[in-house]
Amino acid sequence: MDNSFSEIKTFFGFGCMRLPMIGSEVDIEQFKEMTDYFLDNGFNYFDTAQCYIDGKSETAIKAALTSRYPREKYLLTDKLTEIYFEKQEDIRPFFQTQLDACGVEYFDFYLMHAQNAKNFEKYKKCKAYETAFELKKEGKIKHVGLSFHDKAEVLDNILSTYPEIEIVQIQFNYVDYEDPGVQSRKVWEVCRKHNKPVIVMEPVKGGSLIKLPDEAQKVFDSMENKLSNAGYAIRFAANQEGIRLVLSGMSDMAQMKDNVSFMKDFKPLTEDEKIAIAKVTAIYKGMDIIPCTSCHYCVEENHCPMNISIPELFACLNTKKVFNDWNQNDYYNEIVNKSGGSASSCVECGGCENVCPQHLEIRSLLKDVAAEFEK
Ligand code: SF4
Ligand code: SF4
């Protein structure tokens, strides 16, 4: 753990990417209840971005949080996402739309979003970092940071180029800890080397570590003082040195209450819990699951011309593989009927792969999906 940034009251933050929904709209009443419960229990950190739920996360935050509580009661983080600017002059007007959408005069933290080798070049060219540092001087941003999805050496380069960066948000969970693609451990080590406090995202890997394969579930079920699966995953992340905060993308009040129950009075992992997590990791890694975190970046902003529900189709294949669940055949057809895009309708334009933070070979994986469900 890390105790820098004393304004962050605890080690746990509310990630507002997967809010409760009614159809395609955020369930504002439930979000208000969740917000109240979170604040009443002593937490104060909220995280959003304009690309979350097609802009509806920011406006929901205004409805549930910023219009109902005094500014000093909460901390709000927003992000500069690559799709919203082409040149330096675009950044300030975009930033203002974010302040307006959220209903605030400043952001406590502002992150250069989803940095990787490719888009870092664009951020440098458009002087995005320099613009954020200027906005900080003007008091519109309290702290500048970045969120990151690439290999460790890329982060090392970014932090060497911009040592003014104050905090780094990384993907960190027990399955990705030694993953050669995500490199959670190595990326975390780079943050330690540059002395940057860390915010963890995806501690439950987009929900994949909540619904575990039976064999893995039995390991946690056999624990004394058993917690929810989220309890092991989130505490694994919070347990590491240098971690300032773990974000959880809670989607309903039950998840909120569960998360608060083990993060309000955080207790480090016991030795037995560490052993259980190692066993679950080994089982999970042996199952050849598509490591999609269901972030939906690939299907937002019309990235897919064929309207293929990529994360839902991947989830179908994963669930069928892990649970031998034949209902997934019907579910696959239901999704395709609704969206109009089957896995085999992919025209291989590559638009989705350009924005996937997990660097998945989506075109090739869709062929696997088609082979399973379109026989
Ligand atoms: S490569 Fe296929 S799935 Fe990806 S955006 Fe293009 S058509 Fe859609
Ligand atoms: S395929 Fe990639 S971009 Fe699409 S939902 Fe999964 S992780 Fe996100």
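Counting convention: from 1, in listed order, for ligands and their atoms alike. Source: prediction; values computed, not measured. Just the heavy atoms: all of them, side chains too, but no hydrogens, waters or symmetry mates, feed the values below. In this chain, numbering begins with 1 at the start of the sequence shown.
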Could you tell me whether atom 6 (Fe) of ligand 1 has an N, O or S atom of Cys304 under 2.8 Å away? no

Quick check with a 6.0 Å cut-off and a 45 degree axis cone: is Lys320 positioned over the face of Tyr332's six-membered ring? no

Axial cation check for Phe12 ring with Lys264, 6.0 Å and 45° limits: no

Just wondering, more than 12 heavy atoms not from [X] lying within 6.0 Å of its [atom1]?
| X | atom1 | answer |
| --- | --- | --- |
| Glu164 | CD | yes |
| Lys279 | NZ | no |
| Tyr106 | OH | yes |

What protein N/O/S atoms sit under 2.8 Å from atom 2 (Fe) of ligand 2, by chain and number? Cys356 SG

Going by the atom numbers of ligand 1, which of them fall below 4.0 Å from some non-hydrogen atom of [X]?
| X | answer |
| --- | --- |
| Arg363 | 1 (S) |
| Gly350 | 1 (S), 6 (Fe) |
| Cys349 | 1 (S), 5 (S), 6 (Fe), 7 (S) |
| Leu366 | 3 (S) |
| His303 | 5 (S) |

If you scan protein heavy atoms around atom 2 (Fe) of ligand 1, the nearest is Cys346 SG, 2.3 Å

Checking a contact table here: which protein heavy atom is nearest atom 7 (S) of ligand 1, and how many Å away? Val347 N, 3.5 Å

Numbered atoms and elements of ligand 2 in range of His296, under 4.0 angstrom, heavy atoms: 5 (S), 8 (Fe)

Quick one about Glu130 and Tyr162 (side-chain donor to acceptor, distance below 3.5 Å, no hydrogens or angles considered), yes or no? yes

Is ligand 1 under 4.0 Å from a heavy atom in the side chain of Glu348, in the backbone, in both, or in neither? backbone

The single option from Arg18, Glu312, His303 that satisfies side-chain hydrogen bond (donor to acceptor under 3.5 Å, both in side chains) with His296 is Glu312

Salt bridge [X]-[Y], side-chain N to carboxylate O under 4.0 Å:
| X | Y | answer |
| --- | --- | --- |
| Asp150 | Lys118 | no |
| Arg71 | Asp108 | yes |
| Glu134 | Lys137 | no |

Where the side chain of Arg244 meets the backbone of Thr10, is there a donor-acceptor pair that is under 3.5 Å apart? yes

